[in-house]
Amino acid sequence: MRDIRVATVQFQHAAGDKAYNFGRIRHFVTEAARARVELIAFPEMCLTGYWHVRKLSRAAFEALAEPVPDGPSTRDLLNLSGEHGMTIGAGLLERAPDGGVYNAYVVAMPDGTWAVHRKLHVFEHPNISAGNRYTAFDTPHGCRVGVLICYDNNIVENARATALLGAEILLAPHQTGGCNSVSPRGMKPIDPAVWARRHEDPAGCEAELCGPKGRAWLMRWLPSRAHDNGMFLLFSNGIGPDDDEIRTGNAMVLDPYGDVIAESRALGDDMVVADLDASVLPTSSGRRWLRARRPELYASLTRPTGEELETRRVRFGE
C-alpha cells in the first residue's frame with residue numbers, strides 16, 4: 001500500500017429518489033476532487049434509500065433494484081469515477097440474474113473496473129437475499145480494499161476474513177444509530193424533538209447523536225475491527241430522519257490502531273477527508289497479531305453450534 005487521501009460521507013438520502021441521491025454523490029465527489037481525494041465512501045443503500053424499503057410490496061421492492069454493472073446507477077458511478085480519477089463506493093439494491101435482490105455496495109474505479117459486495121447479514125425486507133462471499137480487491141491507487149456493510153461489521157469473523165484476503169482499507173458503509181435494539185444496553189431511538197431543535201440547540205442534538213444511541217455505541221466495538229485486523233476503516237453513515245428512525249452520522253476514518261483520525265460532528269450532510277499513512281500498517285498491532293495466528297486451533301469457528309439464527313430474527317428479537 002502507498003499513502004492515499006480518502007474521504008467518507010454522511011448524508012440524508014431521499015427515499016426512492018435515485019436522481020436526488022446521485023446528485024448528492026456528485027456534489028461530494030466534486031468537492032472531494034478539489035481536495036485531491038482518490039477514494040471516497042458513501043453510505044449503505046444511499047442511492048435507493050434504506051429504511052422505507054421494509055414497507056414496500058414485493059413488486060415495489062424489486063422495481064427499486066437494478067442490475068450491476070449494467071444498471072444506470074453503476075454506469076453513472078463509473079462515469080463519475082472516470083471523470084474525476086477517483087474510486088467511489090455507494091450502496092443500492094442489486095437485482096441479480098437469478099432474480100434475487102441484494103443490499104449491495106458498488107465500488108466504481110477510474111480505470112473502468114468495478115467491484116460489488118452483497119451484504120451478508122440482511123433484514124431490510126422479507127424478500128431480500130443474503131450475500132455469501134467476502135469482498136477484497138485491488139484498486140488503481142496501489143491499495144487493496146475490502147467492504148463490509150453495516151451489520152456485517154458486527155460479526156467479528158467477517159472483519160478477520162476480509163483482512164485475511166489482504167484488505168488494507170475496509171469500507172464500512174452504514175445506516176445506523178437511533179435503532180431500537182432489543183438489547184437493553186444497545187442503541188435506542190433518537191428523540192425526534194431533539195432533532196427538530198438542532199438549529200436552536202445544536203449542543204443538545206450533538207450530545208444525543210454522540211451518546212449511547214449513536215456514536216458511543218459504535219465506539220464500544222467499531223475501532224476493534226480496525227485495530228485487531230490492522231486495517232484502515234472508512235465509516236460512512238446516514239444522518240437525520242430515515243423513515244421513522246433518525247440516523248446519527250459521525251462519518252469517520254480510523255487508522256489501523258483504531259484511532260479516529262478524522263470525524264464529522266455535523267448535524268447534516270458532511271464529508272471528512274484524511275491522509276492515510278501506509279507506513280503504519282506493517283508494524284500495527286493487528287498486522288503483527290495476524291502473523292501469530294494458529295489456524296490449526298480454529299476449526300470450532302466453522303462448526304455450527306445449533307444456536308445460529310437468521311439475522312432478521314436476531315435483529316428484531318423474533
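For the single chain, residues carry numbers from 1 onward in sequence order. Worth saying up front: this structure is predicted, and the values here are computed from it rather than measured.
- Both Val273 and Val29 are members of a single hydrophobic cluster when ILVMFWY side chains are connected at heavy-atom separations under 4.5 Å.
- Residues Leu218 and Phe235 have side chains in contact (heavy-atom distance under 4.5 Å, counting atoms from C-beta outward).
- Of all non-hydrogen atoms in Val145 and Thr139, the two that sit nearest each other are CG2-CG2, 3.6 Å.
- Taking CD1 of Ile155 as the reference point, atom CZ of Arg160 lies at 15.0 Å (rounded to 0.5 Å).
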- Message: I'd like to know whether Val107 forms a side-chain contact (heavy atoms from CB on, under 4.5 Å) with Ile88, so could you lay out the CA-CA distance, the side-chain angles of the two residues, the decisive distance to 0.1 Å, and finally the verdict.
- Response: CA-CA 6 Å; Val107 181; Ile88 304 168; over 6 Å; no
Practice task
Go through Glu208 and Lys213 one step at a time and tell me if the side-chain contact (heavy atoms from CB on, under 4.5 Å) criterion holds.
Solution key: CA-CA 7 Å; Glu208 179 83 349; Lys213 300 174 181 179; 2.8 Å; yes
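- Linking Ile, Leu, Val, Met, Phe, Trp and Tyr whenever their side-chain heavy atoms come within less than 4.5 Å puts Ile169 and Val280 in one cluster.
- Summarising the geometry, atom CG belonging to Asn229 is positioned 13.5 Å from atom CD belonging to Glu168; distances are rounded to the nearest 0.5 Å.
- Using a distance-only test at 3.5 Å, with no hydrogens or angles considered, a donor-acceptor pair links the side chain of Asn79 to the main chain of Arg75.
- Inter-residue side-chain proximity for Leu170 and Val147 is flagged as unmet; no heavy-atom pair is nearer than 4.5 Å.
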Practice task
Decide yes or no on side-chain contact (heavy atoms from CB on, under 4.5 Å) for Lys188 and Asn180, but give the supporting numbers first.
Solution key: CA-CA 5 Å; Lys188 299 301 174 188; Asn180 192 16; 4.0 Å; yes
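- Residues Leu276 and Val260 do not share a hydrophobic cluster, clusters being chains of Ile/Leu/Val/Met/Phe/Trp/Tyr side chains in contact below 4.5 Å.
- Contact detail for Pro67 and Thr74: the closest heavy-atom pair is O-OG1, 4.2 Å.
- Residue Pro43 comes nearest to Asn237 through the heavy atom pair CG-O, 3.2 Å, listed as atom of the first residue, atom of the second, then distance.
- Evaluation of the ring pair (Phe, Tyr, Trp, His ring centres under 6.0 Å) test over residues 254-301, restricted to residues two or more places apart or in two chains, returns His227-Trp289.
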Open item on the list: Before you tell me yes or no, could you show the steps for Tyr151 and Val122 under side-chain contact (heavy atoms from CB on, under 4.5 Å), namely the whole-Å CA-CA distance, both residues' side-chain angles and the distance that decides it to 0.1 Å?
Closed with: CA-CA 8 Å; Tyr151 206 107; Val122 295; over 6 Å; no
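- Asn21 CG to Leu92 CG: the interatomic distance, rounded to the nearest 0.5 Å, is 11.0 Å.
- Both the sub-6.0 Å distance and the 45° axial angle are not jointly satisfied by Arg312 relative to the ring of Phe123.
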Just do the side-chain hydrogen bond (donor to acceptor under 3.5 Å, both in side chains) check on His141 and Thr87 with the steps written out, would you? CA-CA 8 Å; His141 314 290; Thr87 290; 2.7 Å; yes
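- Between the side chain of Arg2 and the backbone N or O of Cys143, no donor-acceptor pair lies under 3.5 Å.
- With Asn153 contributing its side chain and Cys150 its backbone, the two residues share a donor-acceptor pair below 3.5 Å.
- Under a 4.0 Å N-O distance rule, the pair Glu296/Arg294 qualifies as a salt bridge.
- In terms of heavy atoms, Gly258 sits closest to Pro223 at O-CB, 3.4 Å.
- Side chain of Asp242 to main chain of Ile246: no donor-acceptor pair is present (N/O by atom type, distance under 3.5 Å, no hydrogens or angles).
- Taking 4.5 Å as the limit, every side-chain heavy atom of Leu254 sits out of range of all side-chain heavy atoms of Arg225.
- Ion pair Arg313/Glu310 not flagged as a salt bridge, since none of the NZ, NE, NH1 or NH2 atoms sits closer than 4.0 Å to an Asp/Glu carboxylate oxygen.
- Between the OG atom in Ser236 and the CG atom in Leu171 there is a gap of 7.5 Å [rounded to 0.5 Å].
- Below 30°, between 30° and 60°, or above 60°: for Phe11 and Phe42 the angle between ring planes is above 60°, a perpendicular geometry.
- Contact check for Ile40 versus Val6: no side-chain heavy atoms found under the 4.5 Å cut-off.
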Show the numbers, then the answer: is there a side-chain hydrogen bond (donor to acceptor under 3.5 Å, both in side chains) between Thr248 and Asn250?
-> CA-CA 6 Å; Thr248 53; Asn250 289 125; 4.8 Å; no
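- Residue Leu47 is not grouped with residue Val53 when hydrophobic side chains (ILVMFWY) are merged at heavy-atom distances under 4.5 angstrom, including chains of intermediate members.
- For the side-chain hydrogen bond (donor to acceptor under 3.5 Å, both in side chains) condition, the pairs that include at least one residue of residues 51-64, sequence neighbours left out, are Trp51-Asp244, Arg54-Asp243, Arg54-Asp244, Lys55-Asp243, Arg58-Glu62.
- Ile149 is not connected to Ile128 by any chain of hydrophobic side-chain contacts under 4.5 Å among Ile, Leu, Val, Met, Phe, Trp and Tyr, and they are in different clusters.
- Between Arg215 and Glu263 there is a salt bridge, with a side-chain nitrogen of the basic residue lying less than 4.0 Å from a carboxylate oxygen of the acidic one.
- Of the possible polar contacts, one joining the Glu66 side chain to the Ser73 backbone as a donor-acceptor pair under 3.5 Å is found.
- Residue Trp217 holds its CH2 atom at 4.0 Å from CE of Met187, rounded to the nearest 0.5 Å.
- Between Asp269 and His27, the side chains place no donor N or O within less than 3.5 Å of an acceptor N or O (distance only, hydrogens not considered).
- Counting heavy atoms from C-beta outward, Val116 and Glu94 have side chains that approach closer than 4.5 Å.
- Side chains of Pro256 and Met231 form no contact here, defined as non-hydrogen atoms less than 4.5 Å apart.
- A 4.5 Å side-chain heavy-atom check between Asn132 and Arg118 finds every atom pair outside the cut-off.
- Checked by atom type and distance alone, the side chain of Glu44 never pairs as donor or acceptor with a backbone atom of Tyr50 at under 3.5 Å.
- With salt bridges taken as basic N to acidic carboxylate O contacts below 4.0 Å, one links Glu124 and Lys119.
- Judged by distance alone, with hydrogens and angles left aside, the side-chain atoms of Glu308 form a donor-acceptor pair with the main-chain N or O of Gly306 at under 3.5 Å.
- Closest of all the heavy-atom pairs between Gln10 and Ala266 is NE2-O, 3.1 Å.
- For Ser279 against Asp277, the heavy-atom pair with the smallest separation is OG-OD1, 2.7 Å.
- In this structure, CD in Glu38 is found 9.0 Å from CZ in Arg5, a value given to the nearest 0.5 Å.
- Between the Arg95 side chain and the Val101 main chain, no donor and acceptor come within less than 3.5 Å of each other.
- At least one donor-acceptor pair closer than 3.5 Å links the side chain of Thr30 to the backbone N or O of Arg26.
- With hydrogens and angles disregarded, no donor-acceptor distance shorter than 3.5 Å links the side chain of Ser81 to the backbone of Leu77.
- Residues Val37 and Met86 are in side-chain contact: their nearest non-hydrogen atoms beyond the backbone lie under 4.5 Å apart.
- When ring centroids are compared, Phe61 and His125 come within the 6.0 Å threshold.
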